[in-house]
Structure formats: structure tokens, C-alpha cells
Amino acid sequence: MDTSSPPPSSPTRTFSNPPNYSFPHHRLNRVLRNPEKQPIVLVACGSFSPVTYLHLRMFEMAVDYVRQNTDFEIMGGYLSPVSDMYKKPGLLAAHHRVTMCTLATEQTSHWLMVDPWEAFQSYQRTAVVLDHFDYEINTVLGGVQTPDGEHRNVRVMLLAGSDLISTMSEPGVWSEEDLDHILGRYGCFIIERAGSDMDQATDNLARWRHNIYLISQLIQNDVSSTKVRLFLRRGLSVRYLLPSPVVDYIEEHGLYKDEGPNASNSNYSKHLHHKDVEKAKAEDKDVIALKKT
Ligand SMILES: Nc1ncnc2c1ncn2[C@@H]1O[C@H](COP(=O)(O)OP(=O)(O)OP(=O)(O)O)[C@@H](O)[C@H]1O
Ligand SMILES: NC(=O)c1ccc[n+]([C@@H]2O[C@H](COP(=O)(O)O)[C@@H](O)[C@H]2O)c1
């Protein structure tokens, strides 16, 4: 899939919703605690196949960073699982991924939510996904209020790992207009990821530096969905790497026993990111190590 085709500008954007869709906002905080702060919402886009504790930890790391280093106040956090049309290897059907994310957020967090908007329709670029959040929160819901009842617009911000941000310097993956839209208009928090150099990842994004917040992982965690899928294929335990309800769901439905529908997807591999090549190499090494045991 060519993920870099040029966007329409957001003011004229119209959004197509999946059938029976309604924007989840049951945990969105609608009143700022501190009127001096700028209200923000965190959005993590990804495969979440399956969701891991690390995906959830990213939000908690962002909370600590925001409190200690910024004048933002976080009003809510969303996981936005990608569409099946993304056709990434290992991508399980959207209904399973959305259910696992919902189990994880509803049962282990009191503030995170899952938005199934992009999951249940054609592929939507990240710039469009952020516009959708902006539209739902600021236009449809009318933003948030200060304790005195004054209206405030919420700033939508992307939350991502440094591997994702490093793909922003790879030709053909993101369009320049989308980068300007995502990093110029919205901004992002980048979580350090083992094996991905944060400085290198952001070197080519210098013009948007003021909108890019780098968050170091003080406790290193390199759990990835790829490794979890590998373990499951090999019949190894993944308990305590993922929330228990997610492990139970995987077991009940016998998920990830084989490589999945997009295992040798040449369409995706045309745009295979550098990080995926590295992951595939690491996975090969892990398979060899596991075979020896
Ligand atoms: N260990 C990690 N450290 C930092 N960020 C991470 C980590 N794992 C995932 N992320 C981030 O979480 C977001 C969602 O990622 P995604 O679901 O595609 O995860 P993934 O674990 O990289 O998946 P896969 O292994 O299938 O490629 C991305 O922004 C990704 O960079
Ligand atoms: N041009 C784009 O909008 C673009 C390009 C690459 C990845 N992404 C997004 O990044 C997320 C994670 O992708 P990967 O799992 O391939 O790293 C997905 O939600 C995907 O839609 C968006």
C-alpha cells in the first residue's frame, strides 16, 4: 500500500464513518483541572496485533513526562488500531485487535479508550486519523471547559515509538504534506525504543523540533507484538507480557497459531520499513535460538 499519497487539507476534509460507529468519549475528561494548561489528547496509531503492556506503558510514560516538563494537561488517551487494509504481516482481523485493545484498556486502565474508526474501514493515513480526532473532539463534542466554564479547544497529539518516527525519514512512507500536518499542526510524543536511535530518528525532522517531545525509557522494555506472535506460534507462554484478559482471549480463540493472512504480503513488503527488516532478522535469530531449545 502506498501510504504517502497527498492529503486534502483538513478544513475541507470529510470523514466516512464505519457502520454503526460512534466516537468513544466515556473517559474523556471534559473539564480542565488547571485553566493555565493547554488541554491535549494522546493518540497512538498502530497494529496492536496484539496489544502489549508496552503499548499501555507508553501512555503512562507520557503522563509523567507531560506533568514534569510541559504546560499541557492530558484530557484523554486513545489507541487507534489500523485497518485490515494495511496488510502488514501478522495483522490479525480488526475485530480481534479492537476487542483485545478494549479488554486491555477497560480492564487495566481508568482513562484509556479505543477508537475503532480506522480499524473498521479502508486504510486511513495517520494525518487523516488525527483530523478525525480533532473533528470529533473539537467540532462535534465542542472541546472542553475550564473550571469557570470557558471553552478550550483540545490539541490532538500523536504518541509513537522512535521506530515509527524513524520511518518518517524514509522515502515513500510519509508525504511531506502529511508530515507537516502531523508534526506542524498537531505534534507528537516519541517514546525511546530499544534499537532505534532517537536523535537519528528526529534529525531530518528538525523544522518541527518545537513540536516533537522525546521521552526516554527509564526502565527498558523491548516487548514487541512481533516477538509475542513468535512466542505464540512456538507454543510459549506470553503471560505477564500482555494484560491477562488479552492472554485469555488469545487462548480462547486460538489466535496467532500460524503466521496469519499477510505473512508473505508482497504489497506491504514494497514499503517494508527498515525497522521491519531489522525485526524480521531478529525474529529469524529468535526462531533459530528456539529451535535449539
Ligand atoms: N517496545 C516499544 N518501545 C517503544 N515504542 C513501542 C514499542 N512497541 C511498540 N511501540 C510503539 O507502539 C505503537 C504501535 O505499534 P505497533 O502495534 O505497530 O507495535 P509493534 O509492537 O511495533 O508491532 P509489530 O511488532 O507487529 O511491528 C508504535 O508507535 C510503536 O512505535
Ligand atoms: N503515511 C502515513 O500516514 C503512515 C505511514 C506509515 C505508517 N503509518 C501508521 O503508523 C502506524 C504503525 O505502523 P507500523 O506498524 O507499520 O509501524 C499505523 O497506524 C500506520 O497507519 C502511517
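Since the structure is predicted, the reported quantities are computational estimates derived from the model, not experimental observations. Atoms within each ligand, like the ligands themselves, are counted from 1 in listed order. Start at 1 with the first residue, then count along the sequence.
- Taking a 4.0 Å cut-off on heavy atoms, Lys88 registers as neighbouring ligand 1.
- In this comparison of Gly161, Ser47, Ser80, Pro89, the heavy atom closest to atom 29 (O) of ligand 1 sits on Gly161.
- Only the side chain of Val82 comes within 4.0 Å of ligand 2, counting heavy atoms alone; its backbone N, CA, C and O stay farther away.
- Salt bridge absent: Arg155 and Asp134 never bring a charged side-chain N and a carboxylate O closer than 4.0 Å.
- For ligand 2, one of its N or O atoms has an N or O atom of Tyr86 under 3.5 Å away.
- Of the candidates Arg193, Arg57, Met58, it is Arg193 that places a heavy atom closest to atom 9 (C) of ligand 1.
- Heavy-atom proximity to Asp163, at under 4.0 Å, picks out these atoms of ligand 1: 30 (C), 31 (O).
- A donor-acceptor pair is defined here as one N or O able to donate and one able to accept, closer than 3.5 Å; such a pair exists between the side chain of Arg229 and the backbone of Ser49.
- Taking any N or O of Lys88, backbone or side chain, at least one lies under 3.5 Å from an N or O belonging to ligand 2.
- Side-chain rings of Phe72 and Tyr213 approach one another, their centers coming within less than 6.0 Å.
- Inspection of the Asp131 and Tyr186 side chains reveals an N or O donor paired with an N or O acceptor under 3.5 Å.
- Between Phe133 and Phe15, the ring center distance fails the sub-6.0 Å criterion.
- Among residues at least two apart or in separate chains, salt bridge (charged side-chain N to carboxylate O under 4.0 Å, His left out) pairs with a member in residues 96-123 are Arg27-Glu106, Asp84-Arg97.
- Side-chain contact between Gln121 and Tyr21 is absent, with no heavy-atom pair separated by less than 4.5 Å.
- Close contacts between ligand 1 and Arg229 involve ligand atoms 26 (O) [criterion: under 4.0 Å to a heavy atom].
- Between Trp174 and ligand 2, no N or O atom pair is found at a separation short of 3.5 Å.
- Residue-to-ligand polar distances keep Ser49 apart from ligand 1: every N/O pair is separated by 3.5 Å or more.
- Proximity to Gln217 (heavy-atom distance under 4.0 Å) selects the following atoms of ligand 1: 3 (N), 4 (C).
- Remark: Tyr65 pairs with no residue by the ring pair (Phe, Tyr, Trp, His ring centres under 6.0 Å) rule, at least two apart or across chains.
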